[in-house]
Undergrad: 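The structure's right below; bear with me while I get my questions together.
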Amino acid sequence: MIGTFDYVRVSSIEEGCELLTANGGNAAALAGGTDLLVNVRNTGRSPDLLVDFKDIKQMNRLVIEEGNGATIGACVPLNVIADNTVINDRYTALAAAARSVGSYQVRNRATLGGNIANASPAADTAPALLVLGASVNVTGKNGTRKIPIQELFTRVKKTSLKEAEVITDIVLPSVSRTRSAFIKKQRVKGHDLAIINMAASYDADAGKVRVAIGSCAVTPILLPEFSLSPDERVDSLIERANDIAQEMISPIDDVRASAEYRRALVPVLLHDLIWGVLSPGGGAR
Ligand SMILES: Cc1cc2nc3c(=O)[nH]c(=O)nc-3n(C[C@H](O)[C@H](O)[C@H](O)COP(=O)(O)OP(=O)(O)OC[C@H]3O[C@@H](n4cnc5c(N)ncnc54)[C@H](O)[C@@H]3O)c2cc1C
């Protein structure tokens, strides 16, 4: 049995924020509804008011400017991101992460903004956005501000968004010689959240490697950046990354896997990802 709620489809960000503000904690932003409405159905509890932002032009744009990075509206569906050739080419981890979410039908509704605002530790796009150095633009009653993605996730399903604040865009910095990749280990392909998801990026100009891990702690985790010295073997870098990852993660036993299995998967996925971004085709098992 689904609870009752009022529904308003707004045509501007300001109108939406005013409605959220006027209804205090009893209203919620609605995008694709693939988390929110499933949750309402499962719990039988709903906010009094759902404010639908999906019609707002600014929140549906995907703009890629040479030298200026990419701006992706919070309501852009994941399939649009997964199919965009420039995102696939320059921000490969994000395209792959978007493509790994649920099923084709879910991805037609599910949005990038909803995936990160929902703040599940298993959100697939989160590790990709973390290694790509993304930030989010948010708007609320006190105007707009920018939040680095690593400051967005605070606890399980909690963010640093203030009451009545919405994410309007996700901003990716410009990249020149950066390669990135995403891996997800799941029980069944499609329709399943990650046992672990992980992303890595390699900035060939700076010689830096970034790794982020999801589903292994209360929030997705960004490891400290690694410098790759010319005389270090890749396997030694992977070992360093694993030592740090094992310190930082705190996996739990749940229906998808045991904590022990998650810990054991970390070095395996690190091996494939780091070899993948440093030397595509190298390090094959
Ligand atoms: C069958 C199925 C399979 C799934 N598989 C996966 C999976 O493999 N991987 C994965 O990561 N997820 C998965 N999901 C979860 C879900 O599809 C994604 O998290 C999706 O991206 C959520 O986006 P949405 O637009 O539907 O968000 P909504 O459900 O509309 O919103 C989710 C939450 O975010 C808030 N919100 C939405 N937009 C904004 C905004 N712009 N600003 C502030 N707050 C906002 C809402 O108030 C709500 O709390 C699955 C869901 C289903 C039903």
Side-chain angles (χ1 to χ4, degrees), residues 5 7-10 13 16-17 19-21 23 25-43 45-56 58-61 72-82 94 96-129 136-140 144-145 147 152-153 156-170 182-199 214-215 220 256:
F5 50 82
Y7 167 89
V8 181
R9 178 173 277 222
V10 290
I13 295 168
C17 289
L19 276 173
L20 291 174
T21 305
N23 286 274
N26 297 321
L30 176 71
T34 62
D35 275 316
L36 183 48
L37 294 179
V38 172
N39 198 34
V40 166
R41 187 196 59 196
N42 288 349
T43 61
R45 285 192 310 271
S46 66
D48 295 340
L49 172 67
L50 298 187
V51 181
D52 186 343
F53 284 82
K54 260 203 144 191
D55 254 7
I56 296 172
Q58 181 193 330
M59 291 172 76
N60 279 286
R61 66 189 174 156
I72 305 175
C75 290
V76 171
L78 294 176
N79 265 344
V80 171
I81 296 167
L94 180 61
R99 204 159 31 245
S100 81
V101 170
S103 61
Y104 185 83
Q105 290 79 1
V106 168
R107 294 193 295 275
N108 271 344
R109 294 283 315 164
T111 65
L112 183 58
N115 193 234
I116 54 176
N118 189 56
S120 159
D124 282 316
T125 64
L129 293 173
V136 295
N137 290 333
V138 306
T139 298
T144 61
R145 64 189 178 115
I147 309 176
L152 183 68
F153 309 112
V156 175
K157 301 229 164 180
K158 299 283 176 218
T159 66
S160 55
L161 291 178
K162 299 194 178 117
E163 190 172 290
E165 248 181 356
V166 289
I167 299 171
T168 54
D169 317 275
I170 295 87
F182 170 84
I183 288 188
K184 173 175 179 177
K185 181 78 185 165
Q186 57 192 145
R187 293 173 303 178
V188 222
K189 195 164 163 46
H191 304 273
D192 202 11
L193 292 177
I195 292 172
I196 296 195
N197 50 25
M198 207 185 270
S215 245
R256 275 176 275 281

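All ligand and atom numbering here is 1-based and tracks the order in the structure. In this chain, numbering begins with 1 at the start of the sequence shown.
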Undergrad: Measuring from atom 35 (C) of ligand 1, which candidate in C75, A117, G102 has the nearest non-hydrogen atom?
TA: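 Ranked by closest heavy atom to atom 35 (C) of ligand 1, first place is A117.
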Undergrad: Where is the tightest heavy-atom contact between I13 and M59, given as atom of each residue plus distance?
TA: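 It is CG1-SD, 3.9 Å.
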Undergrad: So, for A98 and I81, which heavy atoms are closest and what is the spacing to 0.1 Å?
TA: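 Closest heavy-atom pair between A98 and I81: CB-CG2, 4.0 Å.
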Undergrad: Let me know which of R99, R107, Q105 forms a side-chain hydrogen bond (donor to acceptor under 3.5 Å, both in side chains) with N79.
TA: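 Only one of R99, R107, Q105 forms a side-chain hydrogen bond (donor to acceptor under 3.5 Å, both in side chains) with N79, namely R107.
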Undergrad: Out of curiosity, K185 NZ to N197 CG, how far, rounded to the nearest 0.5 Å?
TA: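 Between atom NZ of K185 and atom CG of N197 there are 13.0 Å.
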Undergrad: When you look at I167 and I170, which way does the side chain to side chain contact (heavy atoms under 4.5 Å, CB included) test go after all the steps?
TA: CA-CA 8 Å; I167 299 171; I170 295 87; 4.2 Å; yes
Undergrad: Quickly, which of T34, D124, T125, D35 forms a side-chain hydrogen bond (donor to acceptor under 3.5 Å, both in side chains) with N115? Name it, please.
TA: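 For N115, the side-chain hydrogen bond (donor to acceptor under 3.5 Å, both in side chains) test succeeds with only one of T34, D124, T125, D35, which is T125.
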Undergrad: Using a strict 4.0 Å cut-off to heavy atoms of A123, name the atoms of ligand 1 that fall inside it.
TA: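 Counting from 1, the qualifying ligand atoms are 11 (O).
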Undergrad: List ligand 1 atoms under 4.0 Å from A74, heavy atoms only on the residue side.
TA: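 Answer, ordered by atom number: 41 (N).
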Undergrad: Can you sort out which atoms of ligand 1 are near K184, meaning under 4.0 Å from one of its heavy atoms?
TA: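 Counting atoms of ligand 1 from 1, those under 4.0 Å from K184 are 7 (C), 8 (O), 9 (N).
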Undergrad: Return yes if some donor-acceptor pair links the side-chain N/O of D48 with the main-chain N/O of A27 below 3.5 Å, else return no.
TA: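 No, D48 side chain to A27 backbone: no donor-acceptor pair under 3.5 Å.
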Undergrad: Any chance you could lay out the side chain to side chain contact (heavy atoms under 4.5 Å, CB included) test for S160 and I147, step after step, and finish with the verdict?
TA: CA-CA 9 Å; S160 55; I147 309 176; 4.0 Å; yes
Undergrad: Give the C-alpha distance, both sets of side-chain angles, the deciding distance and a yes or no for side chain to side chain contact (heavy atoms under 4.5 Å, CB included) between L19 and V8.
TA: CA-CA 9 Å; L19 276 173; V8 181; 3.7 Å; yes
Undergrad: May I ask whether atom 49 (O) of ligand 1 is less than 4.0 Å from at least one protein heavy atom?
TA: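 It does not: no protein heavy atom is found less than 4.0 Å away from atom 49 (O) of ligand 1.
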Undergrad: Would you mind telling me if ligand 1 is within reach of the side chain of Q105, the backbone, both or neither, using heavy atoms under 4.0 Å?
TA: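 No part of Q105 is near ligand 1 at this cut-off.
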Undergrad: I'd like to check which ligand 1 atoms, numbered from 1 as shown, lie under 4.0 Å from a non-hydrogen atom of G32.
TA: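 So the answer, numbered in order with elements, is 24 (P), 25 (O), 26 (O), 30 (O).
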Undergrad: Looking only at protein heavy atoms, which one is nearest to atom 28 (P) of ligand 1, and what is the separation?
TA: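 For this ligand atom, the closest protein heavy atom is G33 N, 3.4 Å.
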Undergrad: Among all protein non-hydrogen atoms, which one is nearest to atom 10 (C) of ligand 1, and what is the separation to 0.1 Å?
TA: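 In this structure, atom 10 (C) of ligand 1 has D124 OD2, 3.6 Å as its nearest protein heavy atom.
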Undergrad: Can an N or O of A29 be found at a distance shorter than 3.5 Å from an N or O of ligand 1?
TA: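 It does: an N or O of A29 is found under 3.5 Å from an N or O of ligand 1.
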Undergrad: Examine the proximity of ligand 1 to S100 and report which part, side chain or backbone, both or neither, has a heavy atom under 4.0 Å away.
TA: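 Backbone only.
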Undergrad: Is V138 touching ligand 1 with its side chain, its backbone, both, or neither, if touching means heavy atoms under 4.0 Å apart?
TA: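 Near ligand 1, V138 shows nothing, with every heavy atom at 4.0 Å or more.
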Undergrad: Can you list the atoms of ligand 1 that are under 4.0 Å from a heavy atom of A31?
TA: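 In order of number, 25 (O), 30 (O), 37 (C), 38 (N).
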Undergrad: How many angstroms lie between CD1 in I116 and OG1 in T159, if you round to the nearest 0.5 Å?
TA: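 One gets 9.5 Å once the value is rounded to the nearest 0.5 Å.
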Undergrad: How would you list, by chain and number, every residue that makes a side chain to side chain donor-acceptor pair (under 3.5 Å) with S215, sequence neighbours excluded?
TA: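 Partners of S215 by the side chain to side chain donor-acceptor pair (under 3.5 Å) criterion come out as none, since no residue qualifies.
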Undergrad: Can you list the atoms of ligand 1 that are under 4.0 Å from a heavy atom of L193?
TA: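 Going through ligand 1 atom by atom, the ones under 4.0 Å from L193 are 6 (C), 7 (C), 9 (N), 10 (C), 12 (N), 13 (C).
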Undergrad: Heavy-atom contacts with T111 under 4.0 Å: which atoms of ligand 1 show up? List them by number with element.
TA: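 The atoms of ligand 1 under 4.0 Å from a heavy atom of T111 are 21 (O), 23 (O), 24 (P), 25 (O).
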Undergrad: Would I167 count as being in polar contact with ligand 1, using the rule that some N or O on each side must be under 3.5 angstrom apart?
TA: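 Among all N and O atoms of I167, at least one is under 3.5 Å from an N or O of ligand 1.
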Undergrad: Would you mind listing which atoms of ligand 1 come within a distance below 4.0 Å of any non-hydrogen atom of T34?
TA: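 Every atom of ligand 1 under 4.0 Å from some heavy atom of T34: 16 (C), 17 (O), 18 (C), 20 (C), 22 (C), 23 (O), 24 (P), 26 (O), 29 (O), 51 (C), 53 (C).
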Undergrad: Do E165 and ligand 1 have an N or O pair less than 3.5 Å apart?
TA: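 No, since none of the N or O atoms of E165 sits under 3.5 Å from an N or O of ligand 1.
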Undergrad: Quick one: does ligand 1 sit under 4.0 Å from the side chain of V106, the backbone, both or neither, non-hydrogen atoms only?
TA: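 Side chain only.
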Undergrad: With respect to D192, which candidate in Q186, K184, R187 satisfies the side-chain hydrogen bond (donor to acceptor under 3.5 Å, both in side chains) definition?
TA: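 Exactly one candidate clears the test, R187.
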Undergrad: Return the residue, atom name and 0.1 Å-rounded distance of the protein heavy atom closest to atom 15 (C) of ligand 1.
TA: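 Closest protein heavy atom to atom 15 (C) of ligand 1: D35 OD1, 3.2 Å.
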Undergrad: Going by heavy-atom distance to atom 27 (O) of ligand 1, choose the closest among G114, A97, G140.
TA: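 Of the listed residues, G114 has the closest heavy atom.
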Undergrad: Does the N or O separation between L36 and ligand 1 drop below 3.5 Å for any pair?
TA: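 Yes; the residue has a nitrogen or oxygen that sits under 3.5 Å from a nitrogen or oxygen of the ligand.
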Undergrad: Test L49 against N26 for side chain to side chain contact (heavy atoms under 4.5 Å, CB included), laying out the working first.
TA: CA-CA 7 Å; L49 172 67; N26 297 321; over 6 Å; no
